[in-house]
Protein chains: 2
Amino acid sequence: MMIVAQNRYRPIRATVTRTAGTRMGQEQIVRAMGVSILRGDYPEGALLPAEGDLMSQFGISRTVLREVLKTLAAKGLVVSKTRVGTKVRAQVDWNMFDSDLLGWRLDLGMDLRFLNSLYEIRLAVEPAASALAALRRSNESLTRMRALIDEFRQPGHTRSTFAEVDLALHLEIAAASGNPFMRSVGAIIEAALMASFVDSSPVTDQGRLAHSTEDHAAIVEAIAAGDAAAAAKAMTQVIEEGRKNRALLLARGSEGKIG
Amino acid sequence: MMIVAQNRYRPIRATVTRTAGTRMGQEQIVRAMGVSILRGDYPEGALLPAEGDLMSQFGISRTVLREVLKTLAAKGLVVSKTRVGTKVRAQVDWNMFDSDLLGWRLDLGMDLRFLNSLYEIRLAVEPAASALAALRRSNESLTRMRALIDEFRQPGHTRSTFAEVDLALHLEIAAASGNPFMRSVGAIIEAALMASFVDSSPVTDQGRLAHSTEDHAAIVEAIAAGDAAAAAKAMTQVIEEGRKNRALLLARGSEGKIG
DNA sequence: GAAGTTATATTATCATACAATATGGCGAAA
DNA sequence: TTTCGCCATATTGTATGATAATATAACTTC
């Protein structure tokens with residue numbers, strides 16, 4: 001009697017099509033499986049296909065597969081047990097601050113709910129970081145911030161170059177807080193800025209950029225003055241403004257899902 | 001001419017002594033190497049010993065070693081490149097919200113600076129989470145919160161059982177915020193509560209526990225009432241109180257380092 | 001001395017075998 | 001019939017050895 005208790009789920013469909021002869025690379029396999037899990041292909045607590053199946057599905061050796069699974073396990077997505085299999089852990093166990101996870105999440109498309117969560121956590125952490133930065137920033141750090149404000153003011157910014165400077169300043173401030181946890185939120189800031197590019201709108205509204213520049217300058221000057229409350233307020237202002245503009249862009253799209 | 005460019009650092013000393021015959025287990029190896037890196041045994045950008053050396057130092061096969069390194073890489077601690085070696089990444093790249101990292105950090109002993117960082121990030125995130133919970137909590141979630149408050153009020157709590165309920169309530173609130181990032185801060189809350197146990201002080205000051213209980217009840221009632229501002233304020237109060245008590249305990253110790 | 005080429009050390013992947021372990025089935029005893 | 005304990009088996013965990021890929025360093029050529 002050969003009863004095979006098939007409790008497992010169906011194959012993971014790789015998003016990346018694999019042309020014959022081309023190797024996928026471990027990174028891409030991790031991404032494919034990570035995205036699959038994030039997308040909800042496997043309910044919480046479900047078993048992934050057995051190692052043998054995954055090996056043949058991706059055309060990789062067991063060594064590579066196991067390193068992939070270890071990577072996912074380290075990020076809290078799955079947990080493996082001898083004789084049982086590899087289970088998908090509950091979402092609350094996933095490390096949402098992991099930059100890979102955030103990247104995969106963006107790959108799935110940007111929904112309003114997720115975007116909103118990004119802004120909420122930024123609004124909680126970044127003003128606090130600014131306040132601490134006002135109290136603790138070194139002179140070197142302040143110099144770098146001011147250099148970035150100068151960068152902001154350079155003419156001829158594209159949305160891409162502008163966002164680059166934007167990100168750099170926010171990271172600098174987070175680091176100047178002296179709190180390693182606040183700096184670790186950098187991955188989220190980056191994700192939020194990345195999200196500004198999923199739509200192809202070529203809006204480079206110079207007036208808005210100039211406005212944003214001065215808002216950012218206000219943060220830096222408050223930090224320079226050691227005014228924690230003002231720094232927090234200015235940071236809040238910047239993030240709220242970003243959220244508002246983002247909302248406008250989204251309203252133009254027909255659905256809540258872009259990209 | 002046999003010149004060996006020894007750019008690498010010395011062996012990782014495992015904190016866990018390895019009695020003959022006993023296997024360390026992959027988990028412990030990950031911990032040993034992780035702690036070693038967190039302790040600063042390797043400067044930012046330094047190369048770990050080569051695979052062969054690590055294998056013999058820990059007495060493990062290459063298979064296991066590589067899975068260990070993959071785990072550390074997934075948490076942002078290291079990065080490996082062919083022909084180059086495995087480099088320790090900059091601290092800003094480490095995922096500080098990872099529960100393993102937090103645990104290893106506690107293993108190193110609790111210094112004031114780190115403890116302070118924990119409270120700072122909690123003060124930034126948890127009040128915001130409470131405010132959102134006041135707006136979004138489901139009835140089921142509220143029921144669980146109230147059950148936890150009842151738990152608080154049970155007599156005969158040890159510091160351990162009290163902390164357990166404490167943690168559960170904070171996690172419930174974080175989850176009720178509906179924001180997955182705020183829930184991911186749970187690892188930090190847990191670490192902060194863990195830190196309450198590194199000193200062996202048997203202080204079970206019943207008055208203080210009762211006080212803390214009512215402070216927590218205030219959060220829940222604000223959430224129940226849908227009063228976001230009050231919920232945030234009550235949460236702030238709870239965390240500040242915890243910080244104050246913690247500071248008192250620390251002041252009793254001669255040094256800033258415990259455990 | 002500079003640029004291109006080759007050699008080599010190190011990680012990346014593959015293949016195979018064996019060990020450890022949790023699950024489910026079987027059987028014995030109550 | 002139910003419960004407990006033993007055992008077979010499937011699945012992940014570890015070990016070993018070999019080959020591939022690749023970045024650094026040494027070397028050669030101009």
Side-chain angles (χ1 to χ4, degrees), chain A residues 1-9 11-12 14 18 21-33 42 45-74 77-89, chain B residues 1-9 11-12 14 18 21-33 42 45-74 77-89:
Chain A
M1 187 78 113
M2 254 309 254
I3 294 185
V4 182
Q6 264 306 14
N7 222 353
R8 300 182 188 272
Y9 277 70
I12 293 179
R18 189 156 152 262
T22 344
R23 284 277 171 71
M24 266 185 97
Q26 193 172 124
E27 189 93 0
Q28 285 177 48
I29 311 246
V30 171
R31 170 178 290 256
M33 293 188 66
Y42 301 89
L47 286 177
L48 259 52
E51 285 184 345
D53 296 333
L54 290 172
M55 283 166 65
S56 49
Q57 277 165 41
F58 288 104
I60 55 177
S61 72
R62 197 164 164 228
T63 308
V64 172
L65 174 66
R66 286 189 56 80
E67 291 184 4
V68 167
L69 290 177
K70 276 291 168 192
T71 300
L72 296 176
L77 290 183
V78 301
V79 57
S80 301
K81 261 194 215 148
T82 305
R83 164 69 205 183
V84 175
T86 302
K87 255 192 283 196
V88 174
R89 297 179 68 185
Chain B
M1 190 75 117
M2 256 307 255
I3 293 185
V4 182
Q6 265 306 15
N7 222 354
R8 301 181 186 271
Y9 278 69
I12 293 180
R18 188 158 153 261
T22 343
R23 283 277 171 71
M24 267 185 95
Q26 194 174 122
E27 189 94 0
Q28 287 177 49
I29 311 251
V30 171
R31 170 179 290 257
M33 293 188 65
Y42 301 89
L47 285 178
L48 260 53
E51 286 185 344
D53 297 333
L54 290 173
M55 285 166 64
S56 48
Q57 278 165 39
F58 288 103
I60 55 177
S61 71
R62 196 159 166 234
T63 309
V64 172
L65 175 65
R66 285 190 56 81
E67 290 185 4
V68 167
L69 291 177
K70 276 293 169 190
T71 300
L72 296 176
L77 290 183
V78 301
V79 57
S80 300
K81 260 194 217 148
T82 306
R83 162 70 203 182
V84 175
T86 302
K87 256 192 281 196
V88 175
R89 297 179 68 186

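Throughout, protein chains are lettered first and strands after them, A, B, ... in sequence-line order, and every chain is numbered starting at 1.
Counting to the nearest Å, the C1' atom of D/dT24 and the CG atom of B/L47 are 12 Å from each other. Between the NZ atom of B/K87 and the P atom of C/dT11 there is a distance of 13 Å, given to the nearest Å. Remark: P of C/dA20 and CD of B/E27 are 19 Å apart, rounded to the nearest angstrom. The distance from atom CG of B/L65 to atom P of C/dT10 is 14 Å, rounded to the nearest whole Å. For the pair B/L69 CG and C/dT13 C1', the computed distance is 15 Å after rounding to whole Å. Separating the CG atom of B/D53 from the P atom of C/dT10 is a distance of 9 Å, rounded to the nearest angstrom. Going from atom CZ of A/R83 over to atom P of D/dT9 covers 11 Å, rounded to whole Å. A/I60 has its CD1 atom 11 Å from the P atom of C/dA15, to the nearest Å.
Here B/R66 reaches the OP1 or OP2 of C/dA12: one of its side-chain N or O atoms lies under 4.0 Å away. For C/dC14, one of the phosphate oxygens OP1 or OP2 lies less than 4.0 angstrom from a side-chain nitrogen or oxygen of A/S61. Side-chain nitrogen and oxygen atoms of A/Q26 include none within less than 4.0 Å of the OP1 or OP2 phosphate oxygen of C/dA12.
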Verdict with supporting geometry, A/L77 and A/V88, side-chain contact (heavy atoms from CB on, under 4.5 Å): CA-CA 6 Å; A/L77 290 183; A/V88 174; over 6 Å; no

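Comparing B/T63 and A/K81 along DNA chain D, the residue whose closest nucleotide (by nearest heavy atom) sits nearer the 5' end is A/K81.
One donor-acceptor pair, N or O on each side, does fall under 3.5 Å between the base of C/dT13 and the side chain of B/R62.
Residues B/L69 and B/M33 have side chains in contact (heavy-atom distance under 4.5 Å, counting atoms from C-beta outward).
Atom CZ in A/F58 sits 8.5 Å away from atom CG in A/L65 (nearest 0.5 Å).
In plain terms, the two heavy atoms of B/E51 and B/R66 that are nearest each other are OE2-NH1, 2.7 Å.
Between B/T71 and the options B/I29, B/V78, B/V30, a side chain to side chain contact (heavy atoms under 4.5 Å, CB included) holds for only B/V30.
The listed nucleotides are C/dT23, C/dT11, D/dT11; the one nearest the side chain of A/T82 is D/dT11.
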